[in-house]
Asks: 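Starting off with a structure, shown below.
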Amino acid sequence: MHELLQLDASEAARRVRDGSVPAEHLAQAALAHARATEPRVNAFLDQDEAFVLEQARAVDRDRAAGKALGLLAGVPVAIKDNIHVLGRPTTCASHMLRGFVAPYDATVTARLKAAGAVIVGKVNLDEFAMGSSCENSALKQTRNPWDASRVPGGSSGGSAACVAARSAFISLGSDTGGSIRLPASFCGVVGYKPSYGRVSRYGLVAFASSLDQVGPFARSVRDIALAMKVMAGRDEMDSTTVSNPGPDYPAALAEDLKGKRVGVVREYFDRVPDRSVAAVCEAAVQRLKALGAAVVEIELPHADFGLHVYYIVASAEASSNLARFDGVRYGLRAAAENGIATYVNSRGEGFGPEVKRRIMLGTYALSAGHYDQFYGRAGRVRTLICRDFAAAFARCDLIASPCAPFAAFAAGAKADPLSMYLCDVYTIPSSLAGLAAMSLPAGFDAQGLPVGLHLAAAPMADDLLLASAHALEQDLLADRTLNLNRLPRGLQG
Ligand code: GLN
């Protein structure tokens, strides 16, 4: 692997700006590395060398012309394939969007480009972001760079895998109930779900609009802060983005943990079936304490209903959002003798089994006679969960827990939908409440697989969350016995 790929994005951009590394070299290194690792990892759905190199050369030309370069100058960034990049296919890893080419840039894509980032490709996901392992992709099976027999997590599996594999410095994912945090935990990278409303969803193919947030993956918290500085903030095209411009994310990292209160729900640690996963998370909480934080026990009595609420709310919203894929306007159109048959055949052929399951669940939950029993009630329980968090955040600044009950599992190991849904028990409640939340690599389980610590903060407390995670990260990295910076096994030698 080229030594440039060992740098983080902040350092790589600095070198491109000061002229010591041409953006084209960086892009060539990332492309060559992807060629070498993709046969094992399989993260990319679209990678076009000419498109990548042209963007890099444009950065180099700007530099030669004396123009000021942006914060991500020359940095190779991968994009989850449910986020538009002008002129490139958006598939959502579904046959439904076969042949569809994005007619515009998502706001996040446009902001990355304006900051000088080089889009290196579109990466795999569970079909329409529904899943926890990336195995619901209709297009390819992405594998975990730490162990090719295991899944990368999902739904943003390609985004996590390509950053872990060093084929991109930063990637974008989307998180509805855990889709950034779970794969980040499984692949040993940092995954950040901003507070709901921080980052524009314009140009993200909607799954569940009251939950979806776009967020970055990176190998360091400071790279996450950099990406947030570039992407976050009000967008006229997404009315749910907040008007407050938000903090200066990288500058906020200077805060330390002294005097911070970290809330823990005792059972979340006790319940983890794999004790080596629990031990990594417990040890991380002890470190927070050693760094000056106070640990307080909290309760979230309604959070146990999170999974039930989520599968009603998210499926209801999905059934409505996915109604637009009718075989007429986008992508696939199946052969049929009349209009109605066009809809039926196109949706029948285009959507995979998990997407159909969600559409049916959601349509049922919204149907006359069942609406109040399911959707109405789920909304009320969601409010109770939000109130639990509000009460907890009166007593603590952060909440720490395991990100997932286990490390990456073997491909094919979770065949029934319920066992797959249970992967997200720790991530879903914060999604329902719109919190800022993330997975931070905290160590390795008994089998040497990465384990992420889940950290969450109150809505809009992104600066506090990132600063705390940064302080913990520096402490974890300084501990040589953990060897957190080790390369994924699949990339060694
Ligand atoms: N695994 C969850 C689901 O399948 C979450 C997905 C997501 O956050 N996009 O819905």
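All ligand and atom numbering here is 1-based and tracks the order in the structure.
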Asks: Centre of Phe207's six-membered ring, under 6.0 Å away, within 45 degrees of the axis: is that where NZ or CZ of Lys80 sits?
Replies: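 Checked: cation-pi criterion not met.
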Asks: Atom CE in Met231, atom CZ in Arg111: separation rounded to 0.5 Å?
Replies: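 So the CE of Met231 and the CZ of Arg111 are separated by 9.5 Å.
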Asks: Are more than 12 heavy atoms from other residues, nucleotides or ligands located less than 6.0 Å from atom CD of Glu299?
Replies: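 Not buried by this count: 12 neighbours or fewer within 6.0 Å.
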Asks: Only one of Lys140, Arg88, Lys122 forms a salt bridge (Lys or Arg N to Asp or Glu O under 4.0 Å) with Asp46, so which one is it?
Replies: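 That would be Arg88.
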Asks: Can you label the angle between the Phe409 ring and the Phe186 ring as parallel, tilted or perpendicular, going by 30° and 60°?
Replies: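 Perpendicular, since the angle between the ring planes exceeds 60°.
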Asks: What does the list of residues with a heavy atom under 4.0 Å from ligand 1 look like, ordered by chain and number?
Replies: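 These residues qualify: Ala129, Met130, Gly131, Ser132, Ser155, Asp175, Thr176, Gly177, Gly178, Ser179, Phe207, Tyr310, Tyr311, Arg358, Asp424.
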Asks: Quick one: does any side-chain atom of Arg150 pair with a main-chain N or O of Asn144 as donor and acceptor, under 3.5 Å?
Replies: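 Absent.
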